[in-house]
Amino acid sequence: MEDRHGAPVSSGKPQSLEIYEHALRSLNCYRGDPVAVIDEALEQDPDFVMGHVLRAQVHVTLWEKSVVPEVETSLARLADLAATSNEREAAHVRALKQWVSGDWNGYRQTLDLLLADHPRDLLALQVGHISDFFNGDRDNLRGRVARALPAWTKEDPGYPFLLGMHAFGLEECGDYRQAEERGRQAIELEPEDCWAQHAIAHVMEMEARQAEAITFMESRKAHWAQQDNAFQFHNWWHTALYNLDQGQAGRALEIYDQGVRAERAEFQVMLLDAAALLWRLHLLGHDVGDRWTEVADIYEADGEAGFYAFNDMHAMMAFTATGRTQAAARRLAEVEAAATAEGTNGMMTREVGLPVARGIEAFGREAYAACVEQLLPIRYKAYHFGGSHAQRDVIHRTLLEAAARAGNGSLLTALTNERVSLKPDCPFTRKLSSRATGGLAA
């Protein structure tokens, strides 16, 4: 048997495979709950190998410690089915074992090899693309999809999703014109592709096209801001950033309440967008009311410390902004311990996560020179702990504010000059430039 994209499937009743296709499209579009969908197939067909694979891979895309037991449960069932699994499915299982063990680079490499043999495995393409994002591998964000594209045609179901993924990879590699072209092709062919929408949003962020971007996002809300869209919070986050850089902090907070944090879910990917937006407002001196409290409370009880350095950075922001010095100290100790561990996150933490956590903690103590000392050396290698250019910009903004508050006018001027060269038309950049040239007063 094969799925509708031509990838081989070892087992499964026709009805199970049909449900699998619905679950995969749910993942592709970030609409609904693909786990709930595939559970229907597994209930009636418990030996359906690709059903268990998809279920595990969807959990991996959340990239947090809380899902490890779910992935391990799927792996245990897949071990029972190993004798009936085909080579493609076995490769997925090897990758999942590597992810659970903390060998995230191994996970991605196994998917690379799987896709060389099965470039029409849309599940492997999407989870591999997401894993490249979490690991900050911009070249493979672009390359993974580029290697598979020749095996697809415009008429193939799922083809627009490849264009959307390729668009994001191109954007992260700085090819903004081709990225936007790919992204617009994707949403023309598949209007529900909110990842392609997100890729174009990134282009507009990097090119400081805020006013145009607000119109673009608001005009297409019907396609990406549906109630059952699991990715809408992040596209709302981008929309809030545009408004904030336009000097519209009030509107940014409205979007926070109605979009970014409309659902008080505890998933790390959702929490970090909340923390990242509130921290930008914090740096600018805006009063956000009690919004930090809910986020910080969740971070204090999440049990995620030391699992993924990028998430730890955002927890530190929440603790620092709310004055939770003990929580910040505990999280920092966990990050220091993670920096001594093996595995991909150990590398991430040593390279970037630990100095960033120390820098944010120093900022909270008003030790601004110490914050500069931690952040300045790592600002150009921050990609090592994942995220996008837009997300990691929070490190640059923190560094700029720390330099200003430390009274280091020459560094503030130098960093501002650099930013002006990249985003001369950004209202935030112009205000920053005026601050640098007019003295250090806010």
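These values consider heavy atoms only, across backbone and side chains, with no hydrogens, waters or symmetry-generated copies. Numbers here are sequence positions counted from 1.
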- prompt: Parallel, tilted or perpendicular: which describes the rings of Phe231 and Phe233, with under 30° parallel and over 60° perpendicular?
  reply: perpendicular
query: Any chance CD of Glu294 has more than 12 other-residue heavy atoms, nucleotides or ligands included, within less than 6.0 Å?
result: yes
query: Has Glu266 got more than 12 heavy atoms of other residues, nucleotides or ligands less than 6.0 Å from its CD?
result: no
query: Within a radius of less than 6.0 Å around CD of Glu43, do more than 12 heavy atoms belonging to other residues, nucleotides or ligands occur?
result: no
Pair Phe363 and Trp279, ring centroids less than 6.0 Å apart: yes
task: Run the ring-centre check on His202 versus His238 and record whether the distance is less than 6.0 Å.
output: yes
message: Is it the case that over 12 heavy atoms from other parts of the model lie below 6.0 angstrom from the NZ atom of Lys381?
response: yes
Aromatic ring proximity His5/Trp152, centre distance under 6.0 Å: yes
message: Heavy-atom count check: over 12 atoms from other residues, nucleotides or ligands less than 6.0 Å from Gln109 CD?
response: no
query: For residues Asn235 and Asn229, is any side-chain donor paired with an opposing acceptor at under 3.5 Å?
result: no
- prompt: Does CD belonging to Gln15 count more than 12 external heavy atoms closer than 6.0 Å?
  reply: no
message: Determine whether the aromatic ring centres of residues Phe310 and His314 are separated by less than 6.0 angstrom.
response: yes
field: Non-hydrogen side-chain atoms of Glu172 and Tyr383 separated by less than 4.5 Å
entry: no
- prompt: Do we get Arg209 above Phe216's six-membered ring, with its NZ or CZ under 6.0 Å from the centre and within 45° of the axis?
  reply: no
